[in-house]
Every structure is written in structure tokens, then in C-alpha cells.
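Throughout, protein chains are lettered first and strands after them, A, B, ... in sequence-line order, and every chain is numbered starting at 1.
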There are 2 protein chains.
Amino acid sequence: MLVTHAAGAPGSPPAGRAKLADVAALAGVSVGTASKALNGAGRMRPETRQRVLDAVAELGFRPNQHAQSLHTGRSWTVGLMTTDGIGRFSTPVLLGAEDALGAGKISVLLCDTRGDAIREQHHLRNLVDRRVDGIIVTGRRTDPRPPLTGITGLESVPVVYALSPSTDPADTSVTSDDRGGARLAVEHLLSAGRTRIAHVTGPEHHAAARDRARHGLEHLEGAGFGLSTGRVHFGEWSEAWGRRAADAVLRTAPDTDAFFCGNDQIARGVADTLRERGVTVPEDIAIVGYDNWDTMALASRPPLTTIDMNLTEIGRIAALRLLEAIDEGLAPGAHTVPCRLVVREST
Amino acid sequence: MLVTHAAGAPGSPPAGRAKLADVAALAGVSVGTASKALNGAGRMRPETRQRVLDAVAELGFRPNQHAQSLHTGRSWTVGLMTTDGIGRFSTPVLLGAEDALGAGKISVLLCDTRGDAIREQHHLRNLVDRRVDGIIVTGRRTDPRPPLTGITGLESVPVVYALSPSTDPADTSVTSDDRGGARLAVEHLLSAGRTRIAHVTGPEHHAAARDRARHGLEHLEGAGFGLSTGRVHFGEWSEAWGRRAADAVLRTAPDTDAFFCGNDQIARGVADTLRERGVTVPEDIAIVGYDNWDTMALASRPPLTTIDMNLTEIGRIAALRLLEAIDEGLAPGAHTVPCRLVVREST
DNA sequence: AGCAAGTGAGCAATCGTTTTCCTGAGGGGA
DNA sequence: TCCCCTCAGGAAAACGATTGCTCACTTGCT
């Protein structure tokens, strides 16, 4: 009697969120049966199941995920580590991943290391402690990065590298097809009849700059041509560099009839210089950029033809591979996502 | 005997991650004692505690967070809902929040609604199911948004709105001080001796455009002046609009000696037009932008003086308020973060 | 020496679900 | 009529850590 009294009037719903025991009580079954009714497991009379479902609806019951996770060992969570802030490149990747994962019941834990190894270890330990089902790692550049390491327990967590691959080929990576992107750009210019092509791009120590230059040149030479200035113009990823480089190119090789630029900022700088020199784009000189960064490509005069890396798709695919890895074990190796040519008025 | 055999050689560590029971066994104490040794609770011989700590170190033990969360009811997780993609504005806010929270042992669950109410409900339910300790909501604009609602159980979760406040004044919001920002801009121009100021900004249906225009004008009139063109030029947040508007302003009010622009893209457009018209900036006409968006402000010729909303700080403060709310209960009301004037060569 | 006070450590309940057994009732066949 | 089989549903043991309560053993004091 005393106990009953302290617990409130009999039949009155307990305060706070309903638990499965409340549902079971209301439906007049045991907790185990209620659980089975919810999960479809076990055989039971349809009528009983319905009574449980009604009770669930009436109480607005939602299972406690901590309890479920404790039991199953799964957290229905994946970690998303971005190694260098959340910038132009990691954001679409992140969105793609979030999209693919969120469609299921998996949530995304965001970890930003700001390029700091200490922070990375800190977050990594945290993720492992939370028993995440997997980890996606993404950097802001395409340069390979050393694999995650240094935390015990990490071995049992599948990891997928997106955009910036792991230096260890045994890891699973999803990257952009830089070779294909460069090929698309060069092919597009060639098919428009341009043969005196200049290439202005970012710093040589960036893999993106090196790779695009190399593959673009390969393709150009494969078609029997070379660079109009005889060399690649490495510099910075900035408009200012684009402007300066365009000047230099016009001086060195006035017969240049197209620019293939390492990114849209450079391309826009080139466009500005051409414009100021009275060169019409694309009639006199065509321009192709890289990245399809709207604010740059669209604001440029004229709007830029450019290569889109499909970053969102990279994130999506990385997420899908991670899901595969979680369910069926890791399928190591690199996977590249093709680029897309976006034609606008600069060609 | 049989059991011992099946469990492996006596003393051999069990496979998988170590649990507290393993630690206790190794240290020769009970599970409860091991727990107390770790948490500093309860009185015990220092030597016993040390034995437990040694065992923890040897096994690389880390507590299972699911078990802890189940027991304490806390998840050490907060949800971060961005309502409109993850863009220019939400990213710094997000980073600020992640920074402030990650310093402790709290992690961030990322939810992106893409402006879709269905998705918002979906994520919200998910967050509540995960028993998050709190939620930060951020939109990409400063327009107020309706408060989160529609999910049972949400009442007990503290929510802080960042950047875009809740329409309900009883909610906790952290926003940018648009009035102060506009004042900073106008004051800066006035103190440089400019009195014929034009204002070009975004669409009138954006609160940011309206507020900055209103407060800027108020301040201008307070100083005894008015807008050089007699009106605010509402339009779009684009460079193209900045270019067109600058043309219009020069035609209407050729004696204009300064532009205050609603964002950096517009400001850059204005700068481009002035440049092409042979007007020197800042000697003939000064320009102040808004947002301090590096890629715009720095690439502009000349680089733009602009207003920085301190978005990262907004995220940080939102996170701090959320932590307060979690620990001490909600402190409703609006909180504004002051802006910062960044002077560059356009003034 | 005997009793009270104090202290170190273990037991067991708890958090909320899932899942494996296991029981008991009812039906059908011999 | 009796036995066996089936199937609905309950009891209880996990999952791993925390914590209040209890017990046993030292001390210290009279």
C-alpha cells in the first residue's frame, strides 16, 4: 500500500518519457512481448500486437537509443572528420555524406581538427569511445594524407577517406578523377578548335595543381599539341595570380587562343585581365576554369565554363562505401568519381 | 572446469575492448570498486586505487559511453540544425559552436534540413530519440524563423537559436547586431569626411537588407545628412546588381562620394564599375561592404573595407548559452553580438 | 578486554531494451 | 480419452557502468 501510494495513483501514467515497461503495462503484456511486437520478431496474435502498437501511439513511446545501443553495440552514428576547417571543398562532401547517411537512421558526428594533430587524436578518441559505426575523413585538398592512427580500438572501426585519399593504398578512399577532369577541359577546348592553350594553376606543391597539369598536358600532347607558352604556370589559387599570369602569357605567347585554369578564381582573374586588355572572351580567347564555384564562375564576365568535381557525389559515395563496410566488411581500394564539364559563356 | 576451459586460459585477457569487469578482475577488486577508483568517488586505500589505475592503463580501458549515458540519462551530445544547407553563414557559426563544445567532452550531431520541414521533423525526432542535451538552430540569414515544434519530448530539451532568431521572444537567441554594424559603416565614412553616401543592398524582403538600411539611414540622419540618391537601392546580393546599381547611382547623383553596400559581393560589383568608369577608389569614392567574406573582400580591387559580423563568435556564444541552459536551466531572451569594422584600401 | 567508531571494499539494484529460453494452454490425431 | 505438437506470451539474463547500502575488519578509547 505504501509503495503504491508513493508511486502515484494506480494506472496513472508515470512522469517523464514513456518507457517500454509503461507501454507493456498499458497493453497488458510483458515487456518482452512489447519489444517483440515492436520489432516484428516472434510469433504473436495480431490482436496482441495491435494492442501494443496502440499503447505505443497513446503514450508517444520512442525507444531509448542508449539502451538499444548498449545492447546491440551499434551507435547508429558515424564520425565525420574534416581536417582543415570546413571550407569550400569539405562542405559539399559533408552534405553529400550527411544526405546519404541521414536517409537511414544514421546520424553524423561532426569533428573539425583545424589541421591540428592533437585535436585529431582528441576527436578520434572521442569517436571510438562513442563506439561510432564508422568514420569518414575529408580534407580540403586532394593531397593524400596519412591514415588515422594512434588510438587503440580504432582497428575495429571502418574508415573511408573522401576527397583526400589515404597514403596507405590498403585503405578505402573516394577521390575526384583529376585525370578525367583535365581531359574534359582540354578535349572541350580542342573540339572548339583551340590549339594554342596556356595552363595557369596553383602552387606546384599541391597535388591538384600537379595532377591537373600533368594529365592536361598528356592529353594535349596525345592530340599532337603542346602548351602555348611551353610550360605550366604554377602560382597561387588566387584571382591576383590569374591576372598576373594572364599578362605574362599574353606577352610571351600572344597567339594563345585558350586558357585552361587550375581553379575558378584563377580563371576569373584571367578573364578580368583579358577584358581590360580588350581581348574578347570567348571569341579571341576561350577560358576553362575548375571547381564550378558558383560565386566565382557566375560572377565572372563572361560566366565561366568550368569543371565540376561533383563533390557532393564524392561525399555520397564515401557514405555508401562506409555503409557497405559496416554491413559487409571493408572493401579496400581507391574509388574515383568522374568530373562534369559545365559549359557557360567563356567558351 | 568445463566453463573455465571454454572461456579460455585463466588470466588471458578476453577478446575485444576491455570492460570494467576485466579491469576489476586484473586489479583483483570488484566492479563497483573499480568504478569508484576511476571516478574518485568513495573512500578507498590509495594502493587499491593505484592497482585499478594500473589495470586500466594496461588494458587500455575506456568506459562504454552507451552504458554511461543509459545510466545518467545524458548523452554529452548536442544537435546542430542548419536550416538552409551549410553555407557561407552557417559554417563559421557551426565552427564556433563546435569549438566551444568540443573543448569539453560534448560532441556535435550535424543535421541539415535543406529548408525542408519534413526533414526538420525527421531530424528533430532523431535528436530527441538520442536524448541530446541541447540543440542549436542556425539559418543562413538573419530573418527570424518559427521555433522548433511538433515533437513530443522536445519541451525538455534546451534550444538556442543562432544568427536567425526565433520569432518567439521567449526563446533564447544569439544574433548579429545589425544596427551596430550599419552604424560602424556609416560612422566610418562620415569620419572620413564623406557625406554624400549611397546605399546599395539586397532584396527588401530580407531582414538583413531592411535592418542595415534602416539603421544606417537613421544614423546618417542623426548626423544631419541623407542618402545621396534620396533612397535605398534594394536589389539582389550579387555582383551584377552592384555593377548595375553603381551605374544608376553615378547617373542619378554624380556627386556621391561613398557607397555603403549590403554585402561584399555588391560592394565588389560597385568597385568594378567605378574602376571601369575611371573613378578612383577611395580617393573619389569610398566603399564599405558587409560580411568580410575574404574571397570577395580581398580579391576586389581595391580590397574592401567591410563589416565583420563575427559569426564564429556568434556560434561560440550560442554554444556557451546552451551549456548554461543545460546546467542551470534556460535563460531566455535575445543576445546580440557586436560587429567589427575591418578597414582595407577601399576607404 | 570490550565496545564504539570509522573505514575499505563488495553486493546488488538500476538505467531501458533485446533476446533466449521456457511454460502453459489449446487443438488435433490416434 | 490421452498424448503430442504448436504457438502465444512470460520470466530472466544479458549489455556495461554507477551508486547506495551493507558487512567485516581495524582502530581507539575506556
Side-chain angles (χ1 to χ4, degrees), chain A residues 3 7 13-53 55-56 59-76 105 128-131 133 153, chain B residues 3 7 13-53 55-56 59-76 105 128-131 133 153:
Chain A
V3 173
R17 281 201 248 285
K19 58 178 87 167
L20 194 50
D22 301 326
V23 172
L26 182 58
V29 297
S30 75
V31 182
T33 304
S35 173
K36 287 171 200 156
L38 281 181
N39 302 320
R43 313 207 48 71
M44 62 197 309
R45 221 169 340 178
E47 158 204 336
T48 308
R49 181 183 308 273
Q50 193 54 50
R51 240 183 319 133
V52 172
L53 293 178
V56 164
L59 296 176
F61 168 80
R62 309 235 83 214
N64 182 322
Q65 296 227 359
H66 295 314
Q68 290 185 317
S69 291
L70 173 58
H71 188 263
T72 61
R74 283 199 62 171
S75 61
W76 301 101
K105 50 181 296 193
V128 172
D129 284 353
R130 286 173 185 271
R131 307 292 201 268
D133 296 334
Chain B
V3 173
R17 281 200 249 284
K19 57 178 88 166
L20 193 51
D22 302 327
V23 172
L26 183 58
V29 298
S30 76
V31 181
T33 303
S35 172
K36 285 168 197 158
L38 280 181
N39 301 320
R43 315 202 49 72
M44 62 197 308
R45 220 170 342 179
E47 158 202 339
T48 309
R49 181 183 307 272
Q50 193 53 50
R51 243 185 315 137
V52 172
L53 261 32
V56 163
L59 296 175
F61 168 79
R62 309 235 83 213
N64 182 322
Q65 296 228 358
H66 297 315
Q68 290 185 317
S69 291
L70 173 57
H71 188 262
T72 62
R74 282 200 64 171
S75 61
W76 301 99
K105 51 182 294 193
V128 172
D129 284 354
R130 286 173 185 272
R131 308 291 200 270
D133 297 334

Participant: Take the protein atom CG of B:L20 and the nucleotide atom P of C:dC15, then report the distance between them rounded to whole Å.
Facilitator: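 In whole Å, C:dC15 P and B:L20 CG are 20 Å from each other.
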
Participant: Using rotation axes that map the C1' atoms of four end pairs onto the next four (five pairs an end), what angle separates the end axes of the helix from C:dA1-D:dT30 to C:dA30-D:dT1, to 10°?
Facilitator: 70°

Participant: Grab the two heavy atoms, one from B:D133 and one from B:S75, that are nearest each other, plus how far apart they are.
Facilitator: OD1-N, 3.3 Å

Participant: Separation of B:Q50 atom CD from C:dG8 atom C1', in whole Å?
Facilitator: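 After rounding, the gap between these two atoms is 17 Å.
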
Participant: Using a 4.0 Å cut-off on heavy atoms, which residues in residues 26-38 of chain A reach DNA chain D? List them by number, or say none.
Facilitator: A:G28, A:V29, A:S30, A:T33, A:K36

Participant: Would you say the side chain of B:R130 lies within less than 4.5 Å of the side chain of A:W76, judging by non-hydrogen atoms?
Facilitator: yes

Participant: Please determine which of B:H66, B:Q65, B:Q68 meets the side-chain contact (heavy atoms from CB on, under 4.5 Å) test together with A:L70.
Facilitator: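 Of the listed options, the one satisfying the test is B:H66.
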
Participant: Between C:dA9 and B:R45, is there an OP1 or OP2 to side-chain N/O distance shorter than 4.0 Å?
Facilitator: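 Yes.
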
Participant: Does the side chain of A:R131 reach to within under 4.5 Å of the side chain of B:R17, using non-hydrogen atoms?
Facilitator: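 Answer yes - side chains close enough.
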
Participant: How long is the line joining CH2 of A:W76 and C1' of C:dT17, in whole Å?
Facilitator: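 Atom CH2 in A:W76 sits about 14 Å away from atom C1' in C:dT17.
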
Participant: Check the distance between D:dG10's P and A:M44's CE and give it to me in whole angstrom.
Facilitator: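 Distance, rounded to whole Å: 8 Å.
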
Participant: Restricting both atoms to N or O, compile the protein contacts to nucleotides 26-28 of chain D shorter than 3.5 Å, with distance only.
Facilitator:
none

Participant: Can you find a heavy atom in the side chain of A:L38 that is under 4.5 Å from one in the side chain of A:V23?
Facilitator: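 No, too far: nothing below the 4.5 Å cut-off.
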
Participant: Find the distance A:R43:CZ to C:dT20:P and express it as a whole number of Å.
Facilitator: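 In whole Å, C:dT20 P lies 16 Å from A:R43 CZ.
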
Participant: Taking salt bridge (Lys or Arg N to Asp or Glu O under 4.0 Å) as the cut-off, I'd like each qualifying pair that reaches into residues 23-36 of chain A, sequence neighbours left out, listed once.
Facilitator: none

Participant: Expressed as a whole number of angstroms, how long is the span from A:K19:NZ to C:dT17:C1'?
Facilitator: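 Taking atom C1' of C:dT17 as the reference, NZ of A:K19 is at 12 Å.
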
Participant: Side chain of B:D22, backbone of B:A18: donor and acceptor closer than 3.5 Å?
Facilitator: no

Participant: In residues 40-52 of chain A, what donor-acceptor pairs under 3.5 Å come from side-chain atoms, sequence neighbours left out?
Facilitator:
residue : atom : partner : partner atom : Å
A:R49   : NH1  : A:A37   : O            : 3.0
A:Q50   : NE2  : A:D54   : OD1          : 3.0
A:R51   : NH1  : A:A27   : O            : 2.5

Participant: Got a sec? Which of residues 62-75 of chain A come in under 4.0 Å of DNA chain D, heavy atoms?
Facilitator: A:L70, A:H71

Participant: Taking the side chain as every heavy atom from C-beta outward, state whether B:L20 and B:P63 have any pair of such atoms under 4.5 Å apart.
Facilitator: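 Result no, sub-4.5 Å side-chain heavy-atom pair not found.
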
